[in-house]
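Just so you know, these numbers come straight off a predicted model, no measurement behind them.
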Amino acid sequence: MPVNPPKSSLLLHRINNVNTATNTIATATANMLCQKEQLQFQKRFPATWSTPVPDAVARHHTLVVGPNQCCSSVVQQIAAPVSTVWSVVRRFDNPQAYKHFVKSCHVINGDGDVGTLREVHVISGLPAGRSTERLEILDDERHVISFSVIGGDHRLANYRSVTTLHPSPAGNGTVVVESYVVDVPPGNTNEDTCVFVDTIVKCNLQSLAQTAENLTRRNNNNHSSNNSSNNNGPIRSCSVLE
């Protein structure tokens with residue numbers, strides 16, 4: 001079963017009154033160079049992680065950051081195969097499968113390919129009502145998905161995220177990296193904004209982990225049941241007239 005929606009304590013991390021003393025939440029899993037200075041022109045900044053990330057994956061998380069924008073990234077380990085995790089993440093039409101801040105989602109243009117538009121409605125308690133989002137990247141071979149926010153009733157303007165999946169170093173799980181760039185709302189700092197968005201991204205990825213791991217367990221149980229049935233030997237038929 002999916003995890004319960006996050007408790008109200010998380011929902012109260014509103015964008016206008018985030019306690020800057022909790023900045024360690026944002027820096028615990030990602031330390032972005034773009035947070036170190038006020039940007040006066042557009043630059044590219046590579047993300048850095050405590051968990052090793054292959055170069056082929058890291059290049060997808062080199063973010064273009066403009067003035068009055070901030071960026072960050074979150075890493076999540078999942079005890080499930082990449083194929084299973086990707087089957088959940090790639091569904092641009094169904095983010096509520098693991099994003100429990102999402103109340104509903106409707107595709108308003110497109111058929112799931114790059115350029116598809118969706119309208120997302122979020123649960124009450126967040127400083128937002130709806131969000132119009134565009135699918136920017138969907139790479140089934142490299143397991144990369146990206147979307148941007150192009151409209152809606154919220155304060156996270158020009159939000160764009162990139163999510164990548166790659167096998168864990170041990171080879172028995174998946175590492176998910178999600179990075180983003182977003183405008184800093186008037187009256188807020190870079191740190192305030194990143195703490196707020198990081199909290200949401202972390203909750204989403206933790207929910208993704210539980211969803212994918214539950215799906216993996218169900219698949220393994222079904223496989224074991226099928227093997228058990230096959231080991232019972234062929235079914236013989238007979239006639240009462242024999």
Side-chain angles (χ1 to χ4, degrees), residues 6 10 13-15 18 22-37 39 42-51 53 57-76 85 89-90 92 95 98-102 105 114 117-118 120 122 126-128 130-139 142-152 154-166 175-185 188-209:
L10 287 178
H13 281 274
R14 295 182 182 275
I15 195 68
V18 176
T22 62
N23 287 344
T24 53
I25 299 175
T27 59
T29 56
N31 179 20
M32 304 300 295
L33 295 176
C34 61
Q35 297 177 38
K36 294 184 178 180
E37 61 181 355
L39 301 176
Q42 194 174 74
K43 285 187 175 182
R44 292 180 179 269
F45 287 94
T48 59
W49 306 275
S50 58
T51 301
V53 173
V57 174
R59 67 183 181 85
H60 294 290
H61 298 282
T62 299
L63 306 172
V64 177
V65 183
N68 300 316
Q69 288 190 317
C70 68
C71 54
S72 185
S73 62
V74 178
V75 179
Q76 177 71 47
V85 181
V89 172
R90 74 175 308 281
F92 185 68
Y98 71 95
K99 295 182 177 181
H100 294 296
F101 291 106
V102 175
C105 173
V114 170
L117 299 180
R118 70 186 181 190
V120 171
V122 303
L126 289 176
R130 60 181 177 82
S131 176
T132 304
E133 301 168 357
R134 181 182 189 272
L135 182 61
E136 303 290 351
I137 300 172
L138 183 64
D139 190 329
R142 296 178 176 85
H143 304 114
V144 183
I145 186 170
S146 171
F147 75 90
S148 60
V149 173
I150 61 173
H154 55 79
R155 302 193 66 208
L156 299 180
N158 294 316
Y159 181 90
R160 175 164 178 160
S161 78
V162 178
T163 303
T164 59
L165 280 59
H166 66 274
V175 179
V176 181
V177 181
E178 182 166 346
S179 61
Y180 66 85
V181 60
V182 65
D183 288 2
V184 177
N188 293 101
T189 67
N190 288 17
E191 290 78 11
D192 290 344
T193 306
C194 283
V195 168
F196 173 77
V197 180
D198 277 5
T199 300
I200 294 176
V201 173
K202 288 176 185 178
C203 287
N204 287 340
L205 294 186
Q206 288 167 5
S207 176
L208 172 63

### Task
Show your working on side chain to side chain contact (heavy atoms under 4.5 Å, CB included) between V89 and L208 and close with a plain yes or no.
CA-CA 8 Å; V89 172; L208 172 63; 3.6 Å; yes
## Note on the structure
Those residues at least two apart in sequence (or on a different chain) that pass side chain to side chain contact (heavy atoms under 4.5 Å, CB included) with S131 are E133, V149, H154
### Query
What's the spacing between H60 NE2 and T163 OG1 if we round to 0.5 Å?
12.0 Å
### Task
Report the distance from atom CZ of R160 to atom SG of C71, rounding to the nearest 0.5 Å.
13.5 Å
### Message
With rounding to the nearest 0.5 angstrom, report the CG to CG distance, L205 to D198.
### Response
10.0 Å
### Task
Verify side chain to side chain contact (heavy atoms under 4.5 Å, CB included) between H166 and H143, making sure each step is shown before the conclusion.
CA-CA 7 Å; H166 66 274; H143 304 114; over 6 Å; no
#### Entry: Inter-residue atom distance T193.OG1 - Y180.OH, 0.5 Å rounding
8.0 Å
### Verdict with reasoning, C70 to V182, per side chain to side chain contact (heavy atoms under 4.5 Å, CB included)
CA-CA 6 Å; C70 68; V182 65; 3.8 Å; yes
### Task
Begin from the C-alpha positions of N188 and R155 and carry the test side chain to side chain contact (heavy atoms under 4.5 Å, CB included) through to its verdict.
CA-CA 11 Å; N188 293 101; R155 302 193 66 208; 3.6 Å; yes
### Residue pair H100, S207: steps toward the side-chain hydrogen bond (donor to acceptor under 3.5 Å, both in side chains) verdict
CA-CA 8 Å; H100 294 296; S207 176; 3.1 Å; yes
### Query
Is it true that the NZ or CZ of R118 lies under 6.0 Å from the centre of F147's six-membered ring and within 45 degrees of the ring axis?
yes
### Summary
Rounded to the nearest 0.5 angstrom, the CD1-CG distance for I150 and N158 is 11.0 Å
### Task
With rounding to the nearest 0.5 Å, note down the distance linking CG in L135 to CZ in R90.
9.5 Å
### Query
Looking at L138, V162, D139, L165, which one forms a side chain to side chain contact (heavy atoms under 4.5 Å, CB included) with I145?
L138
